[in-house]
There are 2 protein chains.
Amino acid sequence: MAKRRPVSNLLGLAVLGLLTEQPMHPYEMGATLRERKLDGSFKVRTGSLYDVVEALQRVGWIAADTTEREGRRPERTVYSLTELGQLEFAQWLDELVRTPVKEYPSFLAAVSYLGALGQERAVQALQERVSVLDTEIRGIQATLAEAERQHVPRLFIIEADYAAAMATAERDWCLRIVREMGEGTLTWPDRPEPTRSALASAGGSS
Amino acid sequence: MAKRRPVSNLLGLAVLGLLTEQPMHPYEMGATLRERKLDGSFKVRTGSLYDVVEALQRVGWIAADTTEREGRRPERTVYSLTELGQLEFAQWLDELVRTPVKEYPSFLAAVSYLGALGQERAVQALQERVSVLDTEIRGIQATLAEAERQHVPRLFIIEADYAAAMATAERDWCLRIVREMGEGTLTWPDRPEPTRSALASAGGSS
DNA sequence: CCACGCATAGTCGGTTCCGACTAATCAGTC
DNA sequence: GACTGATTAGTCGGAACCGACTATGCGTGG
């Protein structure tokens, strides 16, 4: 068994990615990620950033270059990618693409207990979700269109493409469920008030 | 602005859900979740379970019932849902369904740097992902079919339906990207060696 | 010309999370 | 009837994570 990845925080991947271009200090990494809208793909938190950078340095994937300072501002430590880091970056990416990871999105959790909401409430909530998703999707597609207009290579914004595809799939699923509930092909096992469970009131021994 | 949810761990939702049926002790919750395959929707970790139960008790959504003990085994504290807990459970569910949460799946992160893999490697990795996803999807569909054979109400396994839908969407997206790369509609901005960045070599001052 | 706000750069401490561990009982089995 | 492995039930310490905070420099409008 391969021992688990020494740096698991995905923000580390972003750091490595940035450093393939140029050496940088952590603050700049955060700013750059935000500029490029990559903060939609990576959870960029100042605290985590410094933690992750330290971790990457500890395992030797990046190295502290210079420690400069302008005026009396706090020091800026500039890091750059090591050769090992370059390999590991590609390796990590490759693995992330190849191998789906079990994840636990909150909507999956909610759906698992959808029954407890009762049919009417469930339908309403799903419809609201659909409308929020629609807005999101339109937003992403606007970005995509704008990028195309400016001849930005599609590969540079492929993550938006993916995000749109997944959001659309989710919206469609919600719509289907709402429809099925309307048509009666997805029926509600009776439990009008969520508390009154047949199982519970049967009063099992033990 | 509503103050953030006092218990954020989604495992708490599962705990509340179980307690709508009957009082239980934490270990039993974990076992039950596993039996019902809900460990696919909730990250069930022993440690987290006890933490979350304590948190739920602290905010008064559940209450310790009895503390029994068999023989000299460790005590089992049985918890049950309070009235407040019942309301909050529905409220929480409703909100989770209504309002999509920004999440950071690892594949999204990977896709954001897909360019760095180089075209050939990217295609291969994507194809492998497709095949893994296909296996997963077939597995879920088998479960679904089996459940139908046994006349389990569809609502009880709706989360599997959702999971299948999303996995399928992801597979289709991967296939599309692979195809587009083959057809040349998704081209690789040249960057055979990931280091050489046009932006960088333009050489901004300062 | 200085007060105020925004940008720069990073530290720090508390909470959350989780895996590894303890420890007793039970069900076989040789 | 003692040993083995699985099941029951939970504890605990360390790692990861993140938000709130510090502190300086820069710009600008009244």
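Here the structure is a predicted model, which is why all the values come from computation and not from measurement.
Taking atom NZ of residue B:Lys43 and atom C1' of nucleotide C:dC18, one finds them 8 Å apart after rounding to whole Å. Taking atom CD on B:Glu35 and atom C1' on D:dT7, their separation rounds to 13 Å, with Å as the unit. What separates CZ of B:Arg76 from C1' of D:dT11 is a distance of 18 Å, to the nearest Å. Protein atom OH of A:Tyr50 is 18 Å distant from nucleotide atom P of D:dC21, rounded to whole Å. Here D:dC17 presents its P atom at 13 Å from CD of A:Glu54, a figure rounded to the nearest Å. In this structure, B:Asn9 atom CG and C:dC17 atom P are separated by 4 Å, rounded to whole Å. For the pair B:Arg5 CZ and C:dT16 C1', the interatomic distance rounds to 17 Å; values are reported in whole Å. In this structure, B:Leu11 atom CG and C:dT16 atom C1' are separated by 13 Å, rounded to whole Å.
Checked for salt-bridge contact, B:Glu28 and B:Arg76 miss the test: no charged N lies under 4.0 Å from a carboxylate O. Ionic pairing of B:Arg36 and B:Glu21 is present here: one or more N-O contacts between side-chain nitrogen and carboxylate oxygen are shorter than 4.0 angstrom. A salt bridge is defined here as a Lys NZ or Arg NE, NH1 or NH2 lying under 4.0 Å from an Asp or Glu carboxylate O, and B:Glu95 with B:Arg98 fails to meet this definition.
Under 3.5 Å, the side chain of B:Asp51 and the base of C:dC18 form at least one donor-acceptor pair of N or O atoms.
Between B:Glu28 and B:Ser48, the residue anchored closer to the 5' end of DNA chain D is B:Glu28, taking for each the nucleotide with the nearest heavy atom.
Not one side-chain nitrogen or oxygen of B:His25 sits closer than 4.0 Å to the OP1 or OP2 atom of D:dT8.
Among the nucleotides D:dC17, C:dG10, C:dC17, the one closest to any side-chain atom of A:Pro26 is C:dG10. Nearest nucleotide to the side chain of A:Tyr27, out of C:dC18, C:dA7, D:dT7: C:dA7. For B:Thr46, the side-chain atoms get nearest to D:dT11 when compared with the rest of D:dT11, C:dA9, D:dA20.
Side chain to side chain, A:Tyr162 and B:Glu170 meet the donor-acceptor criterion of an N or O pair below 3.5 Å.
For the side-chain contact (heavy atoms from CB on, under 4.5 Å) test with A:Met24, the passing option among A:Val78, A:Val53, A:Thr32 is A:Thr32; the others fail.
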